[in-house]
Amino acid sequence: MDIDPVRGDITTQDVDAVVNAANQALAGGGVDGAIHRAAGRRELQEACQQLGGCATGDAKATPGFGLTARWIIHAVGPRWRGGGKGEAELLASCYRRSLEVADELGAKSVAFPAISTGIYGYPPEEAARIAVDTIRSTPTQVELVRLVAFDEATYRRYVDLLG
Ligand code: AR6
């Protein structure tokens with residue numbers, strides 16, 4: 001599998017599936033807001049409502065609607081609470097579950113945002129390490145993972161970790 005760091009906007013990625021940093025209710029701002037705007041708010045909201053929420057650490061798919069990507073995989077990252085509340089395992093679980101859902105869909109290319117590092121306050125350095133380690137160690141049919149960094153510092157971190 002190739003893991004490519006890119007600087008950019010997840011909503012415009014030309015991949016089979018983009019991952020959304022969602023919340024348990026599957027309705028929010030941040031990347032989520034951008035994805036809802038780009039995919040088509042009404043259709044995506046309806047599709048999310050039918051999923052009946054999503055647990056922290058889990059992931060569920062909807063169609064991509066107006067996106068180039070055929071699917072959106074909604075993953076719910078942990079809110080940072082100091083590190084002693086299982087945050088690392090829950091964040092790793094988001095990446096693992098997203099790849100499992102991608103396999104169920106038959107998606108061969110998947111783009112991830114830096115889950116939990118915005119509104120949820122996860123320390124970005126540690127989050128990047130978990131992202132890279134978990135993607136590398138998860139058995140999957142996905143051939144290309146794009147790590148989409150919204151800012152330069154996140155991009156640099158991915159480049160350093162990927163060597
Ligand atoms: N493309 C790629 N990355 C982006 C984009 C974009 N268009 N926009 C923001 N980011 P966040 P969280 C980066 O806050 O921390 C939502 O309301 C951003 O710079 O979207 O998991 C959900 O519904 C940051 O590095 O997600 C939840 O309520 C990263 O994406 C809550 O926020 C994640 O930022 C989830 O918080």
Side-chain angles (χ1 to χ4, degrees), residues 3-62 64-69 71-83 85-99 101 109-132 134-135 144-162:
I3 308 178
D4 286 351
V6 298
R7 173 106 193 257
D9 182 344
I10 192 116
T11 64
T12 59
Q13 298 299 312
D14 181 12
V15 285
D16 295 335
V18 297
V19 176
N20 180 19
N23 58 21
Q24 291 180 351
L26 298 176
V31 188
D32 196 47
I35 285 178
H36 274 73
R37 270 193 302 282
R41 200 178 283 286
R42 199 183 52 80
E43 279 177 308
L44 183 54
Q45 253 168 16
E46 274 175 25
C48 283
Q49 271 162 16
Q50 283 166 24
L51 295 175
C54 185
T56 301
D58 199 4
K60 293 184 178 180
T62 65
F65 298 108
L67 298 184
T68 308
W71 297 287
I72 302 165
I73 299 173
H74 306 265
V76 182
R79 221 179 265 279
W80 180 254
R81 292 199 174 95
K85 303 277 185 202
E87 291 95 329
E89 184 41 49
L90 289 167
L91 185 59
S93 174
C94 284
Y95 286 93
R96 211 160 36 232
R97 283 289 305 133
S98 295
L99 291 171
V101 170
S109 53
V110 178
F112 282 93
I115 300 170
S116 283
T117 65
I119 294 165
Y120 280 1
Y122 209 107
E125 200 120 338
E126 184 56 16
R129 199 184 56 73
I130 289 170
V132 169
T134 308
I135 292 164
L144 170 68
V145 169
R146 208 172 277 163
L147 290 175
V148 181
F150 206 47
D151 56 86
E152 185 64 21
T154 303
Y155 175 72
R156 283 280 136 226
R157 249 175 242 123
Y158 287 146
V159 169
D160 287 350
L161 285 164
L162 290 163

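Every number for a ligand or one of its atoms is a count from 1 in the order of the listing. Along the sequence shown, residues carry numbers from 1.
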(message) Minimum distance, heavy atoms only, to atom 35 (C) of ligand 1: which one of Tyr122, Phe150, Tyr120, Phe112 is it?
(response) Tyr120
(request) Quick one: look up the protein heavy atom nearest atom 23 (O) of ligand 1 and list residue, atom name and how far away it is. (result) Gly28 CA, 3.1 Å
(message) For atom 33 (C) of ligand 1, which of the options Pro113, Ala153, Ala114 provides the nearest non-hydrogen atom?
(response) Ala114
(message) Quick test: of every protein heavy atom, which one is nearest to atom 32 (O) of ligand 1, and how far off is it to 0.1 Å?
(response) Ile119 CD1, 3.2 Å
(message) When you measure from the heavy atoms of Gly77 to every atom of ligand 1, does any distance fall below 4.0 Å?
(response) no
(message) Val31 versus ligand 1: do any nitrogen or oxygen atoms come within less than 3.5 Å of each other?
(response) yes
(message) Quick check against the 3.5 Å criterion: does Thr56 have a side-chain atom that pairs as donor or acceptor with the backbone of Pro78?
(response) no
(request) Please examine the side chains of Val110 and Ser98, heavy atoms only from C-beta on, and report whether any two atoms are closer than 4.5 Å. (result) no
(request) Evaluate the side-chain proximity of Pro113 to Phe150: yes if any heavy-atom separation is below 4.5 Å, no if none is. (result) no
(message) Could you measure the distance from the SG atom of Cys48 to the NE2 atom of His36? Nearest 0.5 Å is fine.
(response) 4.5 Å
(request) Among all protein heavy atoms, pick the one closest to atom 17 (O) of ligand 1 and tell me residue, atom and distance. (result) Gly29 N, 2.6 Å
(request) Identify, by atom number and element, the atoms of ligand 1 in contact range of Gly30, meaning under 4.0 Å from any of its heavy atoms. (result) 20 (O)
(request) Return the residue, atom name and 0.1 Å-rounded distance of the protein heavy atom closest to atom 28 (O) of ligand 1. (result) Asn23 ND2, 3.1 Å
(request) Identify the protein heavy atom lying closest to atom 26 (O) of ligand 1, giving its residue, its atom name and the separation to 0.1 Å. (result) Ala21 CB, 3.6 Å
(request) Can you pull out the closest protein heavy atom to atom 24 (C) of ligand 1? Residue, atom name and distance to 0.1 Å, please. (result) Thr117 OG1, 3.4 Å
(message) The test is side-chain contact (heavy atoms from CB on, under 4.5 Å); show your working for Asn23 and Tyr120 and say whether it passes.
(response) CA-CA 10 Å; Asn23 58 21; Tyr120 280 1; 3.2 Å; yes
(request) Taking Asp4 for its side chain and Arg146 for its backbone only, find out whether a donor-acceptor pair lies under 3.5 Å. (result) no
(message) Check whether Glu125 reaches the backbone of Arg157 with its side chain - one donor and one acceptor, N or O, closer than 3.5 Å.
(response) no
(request) List every atom of ligand 1 that sits less than 4.0 Å from any heavy atom of Asp32, numbering the atoms from 1 in the order shown and giving each element. (result) 23 (O)
(request) Measure from the side-chain N and O atoms of Thr11 to the backbone N and O of Ile35, and report whether any donor-acceptor pair falls under 3.5 Å. (result) no
(request) Name the closest protein heavy atom to atom 15 (O) of ligand 1, giving the residue it belongs to and the distance to 0.1 Å. (result) Gly118 N, 2.8 Å
(message) To the closest 0.5 Å, what do you measure between CD (Gln49) and CG (Leu44)?
(response) 10.0 Å
(message) Quick test: of every protein heavy atom, which one is nearest to atom 21 (O) of ligand 1, and how far off is it to 0.1 Å?
(response) Ser116 N, 2.8 Å
(request) Answer yes or no: does an N/O atom from Val148 fall short of 3.5 Å to an N/O atom of ligand 1? (result) no
(request) State if Asp9 counts as touching ligand 1 under the rule of any non-hydrogen atom under 4.0 Å. (result) yes
(message) Tell me if a side-chain donor or acceptor on Lys60 pairs with a main-chain N or O of Cys54 at a distance below 3.5 Å.
(response) no
(message) Are the side chains of Thr134 and Leu99 in contact, using a 4.5 Å heavy-atom criterion?
(response) no
(request) Output yes when the distance from some N or O of ligand 1 to some N or O of Ile10 is under 3.5 Å, and no in every other case. (result) yes
